[in-house]
Amino acid sequence: MEDSSIQEYKIQSFDMETQTLLKTALKDPGSVDLEKVSNVIVDQSLKNQVFSREAGRISFTIVQAETRQSGGNLFRRNLLNRLQQEFTAREETRRRSVQEWVCYVSFICNIFDYVKVNNMPMVALVHPVYDCLFRLAQPDALKNEEEVDCLVLQLHRIGEQLEALNAQRMSELFFLLRDAILLLDGLSSLGRLLLLEVLEVRASGWTLSDPAKKYYYSEVTD
């Protein structure tokens, strides 16, 4: 039963040695090199957006297992160190590969969403996550549908949590999005529609009414 639940973590794409490392970390983190584990998770997240969305759940499970086993937080510290390194290099990453940059944003937001300390998001991630979302809200990024899609997806996922922790920055971010909808040349019709939808979601308390869902999603489909 335990092995089948581990298989749900979509780690089959790794080589056998790495699969074994991750499976062991999920069950018995004290018996493996947790710095190596965090590096494997981050490296794969930067290459694969599907895995970057799964990585938060994997990381949360390892954090919980380590806490139960020893009361330690070595894995979480190593993970935060790598996130900080990648955050510092984010502009260079974006210049090199928008896809890798989008994977990084997806990953850090996923970690923020899943990995809690005393049932609260990690405060150390609040400003870096906001900084990433603000970067996605700059004119050059808003002209790229891949970045707009990433921005909107993260706001749907963690916008409410982020606003609870720093409402002023969320308001500043949405001022940028409103200005872009009204003034930005080069914003695609799909990008404009996605931004309008997320503005309505926030205005409605981070939920969307059924008629609004029907409208926006029929427009996207069309």
Side-chain angles (χ1 to χ4, degrees), residues 45 49 52-53 56 83-84 86-91 93-95 98-117 119-222:
S45 295
Q49 199 164 2
S52 73
R53 295 170 186 156
L83 282 169
Q84 178 60 41
E86 299 299 333
F87 177 76
T88 302
R90 64 194 182 281
E91 279 299 330
T93 300
R94 184 178 179 273
R95 280 193 297 273
V98 168
Q99 184 179 14
E100 191 176 327
W101 153 241
V102 164
C103 283
Y104 173 72
V105 177
S106 178
F107 177 59
I108 193 173
C109 291
N110 203 266
I111 295 298
F112 173 83
D113 189 26
Y114 274 100
V115 181
K116 311 292 187 187
V117 179
N119 294 318
M120 289 291 292
M122 287 190 282
V123 176
L125 291 181
V126 175
H127 284 299
V129 167
Y130 262 122
D131 288 347
C132 288
L133 299 183
F134 269 82
R135 183 64 188 88
L136 290 171
Q138 298 308 305
D140 59 337
L142 290 173
K143 292 175 185 177
N144 183 320
E145 283 187 359
E146 191 177 0
E147 290 180 275
V148 175
D149 190 56
C150 178
L151 172 62
V152 170
L153 183 65
Q154 306 320 317
L155 285 169
H156 278 291
R157 178 195 291 277
I158 61 170
E160 187 172 10
Q161 292 180 67
L162 275 175
E163 183 160 37
L165 293 163
N166 192 322
Q168 182 180 342
R169 288 206 78 185
M170 187 61 72
S171 293
E172 291 167 0
L173 178 62
F174 272 76
F175 290 147
L176 289 179
L177 301 185
R178 286 191 195 98
D179 285 349
I181 291 168
L182 295 170
L183 304 171
L184 181 61
D185 290 331
L187 180 63
S188 70
S189 56
L190 177 59
R192 184 169 277 104
L193 186 72
L194 290 171
L195 295 182
L196 280 168
E197 183 212 7
V198 81
L199 258 66
E200 186 162 343
V201 166
R202 183 186 179 226
S204 304
W206 296 102
T207 60
L208 201 59
S209 67
D210 287 338
K213 275 183 198 168
K214 199 169 184 182
Y215 168 74
Y216 284 111
Y217 289 106
S218 67
E219 287 290 318
V220 167
T221 305
D222 292 347

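The figures that follow rest on heavy atoms only: side chains count, while hydrogens, waters and symmetry mates do not.
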> Would a 4.5 Å heavy-atom cut-off, applied to side chains only, mark P128 and I108 as touching?
yes

> Could you measure the distance from the CE atom of M170 to the CH2 atom of W206? Nearest 0.5 Å is fine.
4.5 Å

> Taking the six-membered ring of F87, is the NZ or CZ of R90 close enough (under 6.0 Å from the centre) and on axis enough (within 45°)?
yes

> Sequence neighbours left out, what passes side chain to side chain donor-acceptor pair (under 3.5 Å) with D140? Give chain and number order.
R94, R135

> What heavy-atom pair brings Q161 and P121 nearest, and what distance separates the two atoms?
OE1-CG, 3.6 Å

> Quick one: does L142's side chain get under 4.5 Å of L176's, heavy atoms only?
no

> Taking the side chain as every heavy atom from C-beta outward, state whether R95 and W101 have any pair of such atoms under 4.5 Å apart.
no

> Could you measure the distance from the CD1 atom of I158 to the CD1 atom of I111? Nearest 0.5 Å is fine.
11.5 Å

> Tell me, please, which residues at least two apart from E146 pass side chain to side chain donor-acceptor pair (under 3.5 Å).
none

> Just grab all the side-chain hydrogen bond (donor to acceptor under 3.5 Å, both in side chains) pairs involving residues 103-112, residues at least two apart or on different chains.
S52-S106

> Kindly say whether F134 contributes a backbone atom to a donor-acceptor pair with the side chain of Q138 at under 3.5 angstrom?
yes

> Using a 6.0 Å cut-off, check whether atom CD of E100 has over 12 heavy atoms from anything other than its own residue.
yes

> Can you tell me how far apart CG (L194) and NE2 (H156) are? Round to the nearest 0.5 Å.
7.5 Å

> Determine, step by step, whether F107 and E86 satisfy the side-chain contact (heavy atoms from CB on, under 4.5 Å) criterion, reporting the C-alpha distance in whole Å, the side-chain angles of both residues, the deciding distance to 0.1 Å, and the verdict.
CA-CA 11 Å; F107 177 59; E86 299 299 333; over 6 Å; no

> When rounded to the nearest 0.5 angstrom, what is the spacing between CG in L133 and CD in E172?
13.0 Å

> Residues two or more places apart in sequence or in another chain: which of them pass salt bridge (charged side-chain N to carboxylate O under 4.0 Å, His left out) with D149?
none

> Compare all side-chain heavy atoms of V198 with those of L151 and state whether any distance is below 4.5 angstrom.
no

> Supply the atom-to-atom distance D179 CG to L195 CG, rounded to the nearest 0.5 angstrom.
11.5 Å

> Please give me the minimum heavy-atom distance between A137 and L177, naming the atom from each residue.
CB-CD2, 3.8 Å

> Which pair of non-hydrogen atoms, one from Y130 and one from N166, has the smallest distance, and what is that distance?
OH-O, 2.7 Å

> Who pairs with E160 by salt bridge (charged side-chain N to carboxylate O under 4.0 Å, His left out), at least two apart in sequence or on another chain?
none

> To check you understand the geometry: which heavy-atom pair defines the closest contact between F112 and L162, and what is its length?
CZ-CD2, 3.9 Å

> When rounded to the nearest 0.5 angstrom, what distance separates OG1 in T207 from CD in E200?
9.5 Å

> Do any side-chain atoms of residues 180-189 form donor-acceptor pairs under 3.5 angstrom with protein atoms, and if so which ones, sequence neighbours left out?
{"from": "S188", "atom 1": "OG", "to": "E145", "atom 2": "OE2", "distance (Å)": "2.7"}
{"from": "S188", "atom 1": "OG", "to": "G191", "atom 2": "N", "distance (Å)": "2.9"}

